[in-house]
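So the structure is just underneath, and the comments pick up after that.
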Amino acid sequence: MNPPVNPPVAPGPAPRAAVGPDRAGRELLAGRAVVLPNPAPLTHVVAATTAPAVNGAKGRPADQPVALWAHHADTLDALAGLWDLAPAHHAPVRHLLAGEHLTVLLPVRPGAVRPSWSDPAVKDGWMLLFGAYWEPLRPLLDAHPLLYVSSANRTGLPPVADAAGALAMFPPTVSVLRPPDRGGDGPAPTARQATTTVRVLPGGELRLHRPGAQDRAYGPADAYLRDLYARTFGR
């Protein structure tokens, strides 16, 4: 008697892979969220052209506030008149975002008429702006001047540090951008962490809202804020 012949096993689906910038751009144009890399020591972020797409990728309520990504000068120019800050403080704010790559909370001027696209980033009179970006992503980001952004994590989990972690954490409906071949997605000298969040009070005083990658080497928050203020307002 011949031994039974096992039926051939159908091959499983191909392993999910990160995508290139062209595919990531198409996903953003279609209104879908994409996970994007940051250089060490920062974690990845999830971005989209609408706030509900960001929140949906993270598995949280669609109307939860998110940050506006302050990577484009046009976005900042449109928002500057809404801040309850002296004109002399506008340049330091831009340095906190573009120079320090911080996440920044800014006071909104009472009675200011805001564009509707800023609403997802405003809560209780404060506007949340995200300043970190990786220069190799500039062509992709410049093609999408209005983006909403949040740390790349599903609700209740820590932000992911690399593309492999993002592919494992996020569903297939959320594309993950393959990091440019410039060493930014390799092992960090220390553990990666989300950006530090700083609150700018109407008089220009800085407060630490949430610790993160930029302040962790300083110890007490006051030491970091003194140094940050000197670098920012002493320019």
Side-chain angles (χ1 to χ4, degrees), residues 24-36 38 45-58 60-135 137-152 174-175 177 194-207 209-210 232:
R26 292 195 297 271
E27 293 294 299
L28 290 172
L29 282 174
R32 290 186 282 271
V34 177
V35 175
L36 301 174
N38 275 313
V45 294
V46 57
T49 56
T50 69
V54 171
N55 285 322
K58 290 171 69 74
R60 64 188 192 183
D63 60 353
Q64 187 161 329
V66 296
L68 271 168
W69 203 339
H71 66 88
H72 200 283
D74 290 349
T75 303
L76 282 175
D77 290 344
L79 297 174
L82 306 177
W83 305 333
D84 190 15
L85 295 169
H89 294 156
H90 288 195
V93 162
R94 290 174 184 253
H95 173 73
L96 292 173
L97 292 163
E100 301 288 339
H101 287 177
L102 296 169
T103 302
V104 180
L105 277 162
L106 301 172
V108 177
R109 180 165 48 82
V113 179
R114 304 194 312 267
S116 59
W117 50 263
S118 71
D119 289 346
V122 177
K123 181 180 180 182
D124 298 331
W126 292 89
M127 177 182 294
L128 185 63
L129 300 180
F130 180 79
Y133 66 90
W134 197 12
E135 191 59 36
L137 303 188
R138 174 58 67 190
L140 175 64
L141 297 180
D142 280 351
H144 301 87
L146 179 61
L147 288 173
Y148 302 90
V149 65
S150 185
S151 56
V174 180
S175 294
L177 177 63
T195 59
T196 297
T197 303
V198 170
R199 188 185 298 269
V200 183
L201 301 186
E205 182 182 351
L206 303 180
R207 297 277 180 85
H209 178 76
R210 186 194 68 185
T232 302

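Counting begins at 1 with the first residue of the sequence.
- Side-chain contact between Leu140 and Leu28 is present, with at least one heavy-atom pair separated by less than 4.5 Å.
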Quiz item: Where do Leu137 and Leu177 land on the side-chain contact (heavy atoms from CB on, under 4.5 Å) test, with the steps shown first?
Solution: CA-CA 10 Å; Leu137 303 188; Leu177 177 63; 3.5 Å; yes

Exercise. Determine, stepwise, if the pair Trp83 / Leu129 fulfils side-chain contact (heavy atoms from CB on, under 4.5 Å).
Key: CA-CA 12 Å; Trp83 305 333; Leu129 300 180; 3.9 Å; yes

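- Proximity of a side-chain donor or acceptor of Lys58 to a complementary backbone N or O of Ser151 within less than 3.5 Å is detected.
- The CE atom of Met127 sits 9.0 Å away from atom CG of Asp119, with the distance rounded to the nearest 0.5 Å.
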Quiz item: Taking it one step at a time, do Arg207 and Leu201 satisfy side-chain contact (heavy atoms from CB on, under 4.5 Å)?
Solution: CA-CA 8 Å; Arg207 297 277 180 85; Leu201 301 186; 3.7 Å; yes

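- Residue Ala24 comes nearest to Val34 through the heavy atom pair O-CG2, 3.8 Å, listed as atom of the first residue, atom of the second, then distance.
- Proximity of Leu102 to His209: side-chain heavy atoms (C-beta onward) are nowhere separated by under 4.5 Å.
- Within the 4.5 Å cutoff, no side-chain heavy atoms of Arg109 are placed close to those of Leu85.
- Across all their heavy atoms, His71 and Asp142 have their closest contact at CE1-N, 4.4 Å.
- Checked by atom type and distance alone, the side chain of His101 never pairs as donor or acceptor with a backbone atom of Trp134 at under 3.5 Å.
- Ring orientation note: the planes of Phe130 and Trp69 are nearly perpendicular, at an angle over 60° on the 30°/60° scale.
- If you take OG1 on Thr195 and CG on Asn38, they are separated by 8.5 Å, rounding to the nearest 0.5 Å.
- Considering all non-hydrogen atoms of both residues, Ala53 and Ala33 come closest at O-CB, 3.6 Å.
- Scanning both residues, Val46 and Ala57, for their nearest heavy atoms gives CG2-CB, 3.9 Å.
- Smallest separation of non-hydrogen atoms from Ser118 and Leu68: CA-CD1, 4.1 Å.
- Panel note: side chain Tyr148, backbone Pro52; no donor-acceptor pair is recorded below 3.5 Å.
- Here the closest non-hydrogen pair linking Gly25 and His144 is O-NE2, 3.7 Å.
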Practice problem: Go through the steps for Val108 and Asp84 under the test side-chain contact (heavy atoms from CB on, under 4.5 Å), then give the verdict. | Solution: CA-CA 5 Å; Val108 177; Asp84 190 15; over 6 Å; no

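- By the 4.5 Å heavy-atom criterion applied to side chains, His72 and Leu141 are not counted as neighbours.
- With Thr75 contributing its side chain and Leu146 its backbone, the two residues share no donor-acceptor pair below 3.5 Å.
- Applying the side chain to side chain contact (heavy atoms under 4.5 Å, CB included) test between Leu128 and each of Val122, Leu106, Leu105 identifies Leu105 as the sole match.
- No side-chain heavy atom of Asn55 sits less than 4.5 Å from a side-chain heavy atom of Pro61.
- No side-chain donor-acceptor contact under 3.5 Å links Arg114 to the backbone of Leu79.
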